[in-house]
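What follows is a short report on a single structure.
Counting from 1, the numbers follow the sequence of the chain as shown. Order of listing sets the numbers, starting from 1, for every ligand and every atom in it.
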Amino acid sequence: MNEIVAVIQSIIMFIPALIANSGAVITGGHFVIDRGKKFFDGRRILGNGKTLSGYLGGIGIGTITGFIIYLISGAFGYALGTYGNVYGALMIPLVMATGSLTGDIAGSFIKRRIGIDRGGKGGLLDQWPFALMAFLFLYIFERSYFMLHYVYLPMIVILVIVPPIHRAVNIIGYRMHKKDVPW
Ligand code: CTP
Ligand code: MG
């Protein structure tokens with residue numbers, strides 16, 4: 001029972017990494033990161049879908065979301081169980097969201113290299129890199145937190161549920177005319 005609660009708590013604390021992507025969709029579109037440049041293979045380095053406004057806006061929205069989670073969980077007496085203190089409630093979501101959108105860029109880089117154009121369906125390449133990079137960033141910058149809350153069951157559960165969640169969110173974004181394609 002306690003383990004289930006712990007896994008659910010770890011999932012809730014991971015929401016900033018997920019929301020960061022939606023934040024990028026909302027704030028994106030300005031200052032294309034690769035500035036239109038092509039890689040050695042003649043294809044775009046990243047493509048027009050990766051912009052600085054999306055990257056920074058997504059990180060900001062993800063971080064704020066984490067802080068709100070901290071405040072809400074605190075109101076229910078769970079503050080110590082989540083990000084620990086105000087500093088953690090800002091730093092941990094910041095690290096997660098930054099990892100998330102950095103992984104998103106890495107995914108686009110790989111998509112371009114294997115010949116999938118911007119917006120093309122990438123399957124797990126759309127769904128996993130951001131989550132994996134969020135974990136890697138936590139491992140690098142917030143190791144004790146990562147070890148305590150994500151090794152290993154919560155991380156495995158998250159990697160299993162992220163693809164369907166990502167898909168569902170994108171379908172919603174598509175229906176709301178925020179996204180051009182439902183993936
Ligand atoms: N976005 C952005 N900057 C980012 C990430 C996302 O501006 N760093 C915005 C773009 O408008 C992008 C949308 O969010 O089109 C959806 O993101 P995503 O699905 O990751 O991009 P795609 O357009 O599908 O491009 P790619 O094939 O490179 O993933
Ligand atoms: Mg996409």
Heavy atoms of other groups near Trp128 CH2, more than 12 under 6.0 Å: no
Electrostatic pair Lys121:Asp126 at N-O distance under 4.0 angstrom: no
Main-chain N/O of Leu46 paired with Arg112 side-chain donor or acceptor, under 3.5 Å: yes
Within one Ile-Leu-Val-Met-Phe-Trp-Tyr cluster: Tyr87 and Phe67, side-chain cutoff 4.5 Å: yes
Cluster overlap Phe135 with Ile165, hydrophobic side-chain contacts below 4.5 Å: yes
Near ligand 1, at a heavy-atom separation below 4.0 Å: residues by chain and residue number: Ala24, Val25, Gly28, Gly29, Gly49, Lys50, Thr51, Gly54, Tyr55, Asp104, Ser108, Lys111, Arg112, Asp117, Arg118, Gly119, Lys179
Summary of salt bridge (Lys or Arg N to Asp or Glu O under 4.0 Å) pairs that have at least one residue in residues 46-75, sequence neighbours excluded: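 Applying salt bridge (Lys or Arg N to Asp or Glu O under 4.0 Å) to every pair that reaches into residues 46-75, excluding sequence neighbours, yields Lys50-Asp104.
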